[in-house]
Amino acid sequence: LQIVPPLLTQRAFDDGLFPKGPDGQVMGPNLPVLSVLVGLMILVFVVSALLGVWQTWLTATVGNKVMGSLRVRLFTHLQSMELSFFTRTKTGIIQSRLQNDVGGVASVLTNTVSSVLGNTVTVISAFIAMLLLNWQLTLIALVLLPVMVVAQRRVGQVRARVAAKTQESLSEMTAITQETLSVSGILLSKSFTRQQSEIDRYADENRNQIGLQVKQQMTGQWFFAMVNIFMSSIPAIVYLAAGWLITGGSVDVSAGTIVAFTTVQARLLFPLMGLMRVALDLQTSSALFARIFEYLDLQPAITDVPGARDVPPGPDLGRVEFEHVSFRYPDATDDARPTLDDVSFTIEPGQYAAFVGPSGAGKTTVSYLVPRLYEVSGGSVRFAGVDVRELRQSSLVSQIGIVSQETYLFHASIAENLRYAKPDASDAELEAAARAANIHETISSFPDGYDTVVGERGYRLSGGEKQRIAIARVLLK
């Protein structure tokens, strides 16, 4: 539609303002024809504006839905990764992939659809209109276009490399923020009076981020400045070329044709530059997509085997057996001493068992192997008489209650933390679990009772209170 007004402008000049009579002489304005042409121009502008609003809504909806779907897909995939992935990867870096990388792609997805569709149609229409008006002037106007396309690709490659470094720096900043501004991080820095060193570490990375952002923004600016100069100079070149053509007498170029041609060429400038910027943004976003799909392409190390079955009911339910189990953590070197080496024992249903030993002896590791949070390196772990590798993970974990050494509570009420184990639990069930964990009286003494907000990681509670709430949560399960 943006190409129609210039064509109507040509007719307004040649047929409305300066119509020629039968003898070829210019006559006075033809007001009826001019009125119709002006009315058509206004109608085109109104329709174009309405389509612009609809296009903005459509592209924003599609782009954000695609971005949201990508974020959920990445989050879902991360939920399936094994525990060792999270022990070797900074939480802040994972958060940056979900927020910064996917968020950076979102702007490209939102803007690309509208820019590519709208600008492509406009460029093609403008090119066809220029050919219809005068093909000789069209060749002159677009002679350097192939050179600009090649230059744009080179600029895009440089900008993609800068974008990758920018996202890596942003991930590091997110990791620093997550580590130092968490309750544990703040407590640590205050305990050792290291606040200033943490500030300096963040400021250094922030300066690096600023430099990379500026470099990324400036990459290609000289290229677009030259493109703008060239495209803006085309009307003057067209006027000169039209003068040569008219003087030579080889081509009859009317004033209306020249005005319409330069108007169409002006309409070509911004869509063409828009397409070049979109192409540049797509090349830049390739670094973001690579970081996102790097995580999506990861394969979980621990999955259900084909034909995995549920934990069988019966008298053996609850029996735990270790048969010549050896275990070495995935990131350990081949020559490192295994954490567990040829360990065998049996714990019967209803039996209490305690593992005693020095730090690093593998006591916690044993508890990780039963619910298959890690895979054994040798031997087998059996639950209810079945090798845990033959059981469905969801079924296995549903039969096991875990209270870790580092109790984790959400920044929510006590009731909400307890219902994490059983979302539909009644108040009576919450109280029964709390009484079994010997924490009900303490909770009742709080002004808000079970609605008391425990704070970040439960730091508003004492260590013993957090442990008992965690035990109540497992009992509720």
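Note that these values count all heavy atoms, side chains included, but never hydrogens, waters or copies made by symmetry.
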Using the rule ring-ring contact (aromatic ring centres under 6.0 Å, His included), only one of Phe85, Phe327, Phe86 pairs with Tyr374; which is it?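 Of all the options given, the one that passes is Phe327.
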Heavy-atom pair with the smallest gap, counting every atom of [X] and [Y]:
X      : Y      : value
Val325 : Ser380 : CG2-O, 3.2 Å
Val397 : Pro371 : CG2-O, 4.0 Å
Ala384 : Val311 : CB-CG1, 4.0 Å

Do Ser189 and Glu198 have side-chain atoms, one donor and one acceptor, less than 3.5 Å apart? no
Side chains of [X] and [Y] in contact at under 4.5 Å (non-hydrogen atoms):
X      : Y      : result
Asn208 : Asp204 : no
Thr442 : Leu461 : no
Ile443 : Thr452 : no
Lys90  : Glu172 : yes
Glu456 : Ser182 : no
Arg97  : Val102 : no
Ile347 : Arg319 : no
Leu70  : Leu296 : yes

Please determine which of Thr346, Val376, Val370 meets the side-chain contact (heavy atoms from CB on, under 4.5 Å) test together with Phe322. Val370
Apply the test salt bridge (Lys or Arg N to Asp or Glu O under 4.0 Å) to residues Glu82 and Arg372: give CA-CA distance (whole Å), side-chain angles for both, the deciding distance (0.1 Å), then the verdict. CA-CA 9 Å; Glu82 69 280 2; Arg372 208 180 166 207; over 6 Å; no
Taking the basic N atoms (NZ, or NE/NH1/NH2) and the acidic carboxylate oxygens, is any pair closer than 4.0 Å for Glu465 and Arg460?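 Result for this pair is no, no salt bridge flagged.
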Hey, is Arg328 close enough to Asp341 for a salt bridge, meaning N to O under 4.0 Å?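 Salt bridge flag = no for Asp341 with Arg328.
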Hey, could you give me the [atom1]/[atom2] distance between [X] and [Y], rounded to the nearest 0.5 Å?
X      : Y      : atom1 : atom2 : result
Asp304 : Arg392 : CG    : CZ    : 6.5 Å
Arg389 : Ile302 : CZ    : CD1   : 11.0 Å
Leu212 : Arg207 : CG    : CZ    : 13.5 Å
Asp101 : Arg71  : CG    : CZ    : 10.5 Å
Thr174 : Leu98  : OG1   : CG    : 11.0 Å
Ile93  : Met173 : CD1   : CE    : 13.5 Å

NZ or CZ of Lys477 within 45° of Tyr420 ring axis and under 6.0 Å: no
Show your reasoning for whether side-chain hydrogen bond (donor to acceptor under 3.5 Å, both in side chains) applies to Gln209 and Gln213. CA-CA 6 Å; Gln209 176 67 202; Gln213 290 282 2; 2.8 Å; yes
Please lay out, stage by stage, how Phe383 and Glu390 fare under the test side chain to side chain contact (heavy atoms under 4.5 Å, CB included). CA-CA 10 Å; Phe383 183 81; Glu390 299 176 7; over 6 Å; no
